[in-house]
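FYI, the numbering just counts along the sequence from 1. Remember, predicted model here, so these are calculated numbers, not experimental data.
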Amino acid sequence: MNNRYTTEEYVSMIDAALEKTLEKCGDNVVSEAMKYSVRNGGKRVRPLLVLEFCRICGGDINDALPFACAVEMIHTYSLIHDDLPCMDNDDMRRGQPSCHIKFKENFALLAGDSLLTFAFSSVLNSEVAKNDPAMALEALSVLAECAGNAGMIGGQVIDLESEGKQISSDTLEKMDRLKTGALIKASCVIGVVVAHGSDEAKLAAADFAEKLGQAFQVIDDILDVIGNEETLGKPVGSDVQSNKSTYVSLLGLELSEQFAKKLTGEALSCLEFFGEEAVYLREFSKKLLSRRN
């Protein structure tokens, strides 16, 4: 099995690969807005999952890096658009001015669009895609489906349609499974695809991602209530102000915390398929449960 890596090592590799990739994104105000937003990175959860699932399935993480970058660029584009006045109208992102505040709304919109298209073109122009086009096609198909109207965008549609309304727990779960969970699912499955893993491994990775993604969103909802604004890098209480239905508003704080623990436990059970090689993913999942930003 390939060497194991720490979170710090993974993040360093991802950031270096992103910088190298972004050198080819152009040289104008939109490319500057793209770089600004990508560099204002968070925990790099999604690209990290691409690399680690590739590793535990016996693949070369260097082959997975272009796909990890693509996932992170699509995640970043979604955050740029999510912050726009026509969406959540947030002025801050991770302690820095949102892209539309820094570069104006029209350029932020184009930066998001450009990151989406650049994510796919950067992979298609990579050496690994040229050497293994069938694998690249399968991986990009997963990414496109999870990022589109059947995935992340579909979840955003439910979010917008639910503004100012009390929605059911089933609707909330579907929204979060699509808006938050779909790209996490893509990350895990793509890692397996790059490593030429089995269909059973893809299924186990998808099941893990579904539970982890939902737990991730429950913690987000909790932090919007009890989080520290300085630590989060954005205002707390925005869900209440926007009259959004969340796990906390439907279940209460204590039951939401219990639910996040339950989901994390179920995610850990899905990792049994990968045996001892999944030790890092187990610890990583537990850390996400206890995160405060």
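Judged by distance alone, with hydrogens and angles left aside, the side-chain atoms of Asn28 form a donor-acceptor pair with the main-chain N or O of Val30 at under 3.5 Å. A side-chain donor-acceptor contact under 3.5 Å links Ser198 to the backbone of Ala201. With Asn40 contributing its side chain and Arg93 its backbone, the two residues share a donor-acceptor pair below 3.5 Å. Side chain of Thr246 to main chain of Val248: a donor-acceptor pair is present (N/O by atom type, distance under 3.5 Å, no hydrogens or angles). At distances below 3.5 Å, not a single donor-acceptor pair connects side-chain atoms of Asp88 with backbone N or O atoms of Asp90. Between the side chain of Lys261 and the main chain of Glu257, no donor-acceptor pair closer than 3.5 Å is present. Within the 3.5 Å criterion, the main-chain N or O of Leu172 finds no donor-acceptor partner in the side chain of Ser245. Of the possible polar contacts, one joining the Ser37 side chain to the Ala33 backbone as a donor-acceptor pair under 3.5 Å is found.
By the 4.5 Å heavy-atom criterion applied to side chains, Glu138 and Ile190 are not counted as neighbours. Two residues are said to be in side-chain contact when any heavy atoms from C-beta on lie closer than 4.5 Å; Ile74 and Ser78 fail this criterion. For the pair Lys211/Thr264, no side-chain contact is recorded, criterion being any heavy-atom separation below 4.5 Å from C-beta on. In this structure, Ile219 and Leu288 have side chains that are not in contact, with every pair of non-hydrogen atoms separated by 4.5 Å or more. Using a 4.5 Å heavy-atom cutoff, the side chains of Leu250 and Gln166 are in contact. For the pair Val128 and Met135, the minimum side-chain heavy-atom distance is below 4.5 Å. The side-chain heavy atoms of Phe103 and Pro97, taken from C-beta on, include no pair separated by under 4.5 Å. Here the side chains of His75 and Val45 are not in contact, with every heavy-atom distance at 4.5 Å or above.
The number of heavy atoms from other shown groups lying within 6.0 Å of CZ (Phe274) is above 12. Heavy atoms of other residues, nucleotides or ligands lying less than 6.0 angstrom from CG of Asn131 number more than 12. For Lys130, the NZ atom sits in a packed shell: over 12 heavy atoms of surrounding residues, nucleotides or ligands are nearer than 6.0 Å.
Ile80 and Ala108 get closest at one heavy-atom pair: CG2-O, 3.3 Å. Of all heavy-atom pairs between Val189 and Ala206, the closest is CG2-CB, 4.0 Å. Taking all atoms of both residues into account, the shortest heavy-atom contact from Leu65 to Ala17 is CD2-CB, 4.0 Å. Taking each heavy atom of Pro66 and Val123 in turn, the nearest pair found is O-CG2, 3.4 Å. Closest heavy-atom contact between Ser256 and Leu251: OG-CB, 3.8 Å. Among all heavy-atom pairs drawn from Met152 and Ala182, the shortest one is N-CB, 3.9 Å.
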After noting the C-alpha distance and the side-chain angles of Arg39 and Asp15, does the key distance pass the salt bridge (charged side-chain N to carboxylate O under 4.0 Å, His left out) rule?
CA-CA 8 Å; Arg39 286 168 179 163; Asp15 286 346; over 6 Å; no
Report the C-alpha distance between Ile56 and Glu52 in whole Å, list the side-chain angles of each, state the deciding distance to 0.1 Å, and finish with yes or no for side-chain contact (heavy atoms from CB on, under 4.5 Å).
CA-CA 6 Å; Ile56 66 174; Glu52 179 62 5; 3.4 Å; yes
Would His196 and Asp132 satisfy side chain to side chain donor-acceptor pair (under 3.5 Å), going step by step from the backbone distance to the final call?
CA-CA 11 Å; His196 297 279; Asp132 196 345; 2.8 Å; yes
Begin from the C-alpha positions of Glu32 and Lys102 and carry the test salt bridge (charged side-chain N to carboxylate O under 4.0 Å, His left out) through to its verdict.
CA-CA 10 Å; Glu32 287 305 307; Lys102 180 78 172 179; over 6 Å; no
Could you check Lys35 against Glu19 for salt bridge (charged side-chain N to carboxylate O under 4.0 Å, His left out), going step by step and ending with a plain yes or no?
CA-CA 8 Å; Lys35 294 172 185 176; Glu19 284 295 328; over 6 Å; no
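Note: Tyr5 and Tyr280 fail the aromatic proximity criterion, with ring centroids not under 6.0 Å apart. Between Phe273 and Phe208, the distance separating the two ring centers is not shorter than 6.0 angstrom.
The aromatic rings of Tyr77 and His81 sit perpendicular, their planes meeting at an angle over 60°, well past the 30° parallel limit. Ring geometry for Tyr247 versus Phe259: interplanar angle of 30 to 60°, hence tilted.
Partners of Gln156 under the side-chain hydrogen bond (donor to acceptor under 3.5 Å, both in side chains) rule, at least two apart in sequence or in another chain, are Asp82, Lys179. Listed by chain and number, the residues in a side-chain hydrogen bond (donor to acceptor under 3.5 Å, both in side chains) with Thr180 are Gln217 (sequence neighbours excluded).
One finds no salt bridge joining Lys185 and Glu145 here, because no Lys/Arg side-chain nitrogen approaches an Asp/Glu carboxylate oxygen to under 4.0 Å. Between Lys262 and Glu266, at least one side-chain N (NZ, or NE/NH1/NH2) sits under 4.0 Å from a carboxylate O, which counts as a salt bridge. In this structure, Glu23 does not pair ionically with Lys20, as no charged nitrogen and carboxylate oxygen lie closer than 4.0 Å.
Hydrophobic clustering keeps Val50 apart from Leu203 (ILVMFWY residues linked when any side-chain heavy atoms are closer than 4.5 Å, directly or through intermediates). Ile158 and Met87 end up in different hydrophobic clusters when Ile, Leu, Val, Met, Phe, Trp and Tyr side chains are linked at under 4.5 Å. Hydrophobic clustering of Ile, Leu, Val, Met, Phe, Trp and Tyr side chains at less than 4.5 Å, counting indirect connections, unites Ile184 with Phe284. No continuous path of hydrophobic side-chain contacts links Leu79 to Leu22 [ILVMFWY only; heavy atoms under 4.5 Å].
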Contacts table for residues 110-121: side-chain donor-acceptor under 3.5 angstrom, sequence neighbours left out:
| residue | atom | partner | partner atom | Å |
| --- | --- | --- | --- | --- |
| Ser114 | OG | Leu110 | O | 2.9 |
| Thr117 | OG1 | Asp113 | O | 3.3 |
| Thr117 | OG1 | Ser114 | O | 3.1 |
| Ser121 | OG | Phe118 | O | 3.2 |

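For the pair Arg291 and Phe216, the cation sits on the ring face: its NZ or CZ lies under 6.0 Å from the ring centre, inside 45° of the axis. Seen from the ring of Phe67, Arg46 does not count as a face-on cation partner, given the 6.0 Å and 45° thresholds.
The CG atom of Leu263 sits 9.5 Å away from the CG atom of Leu212 when rounded to the nearest 0.5 Å.
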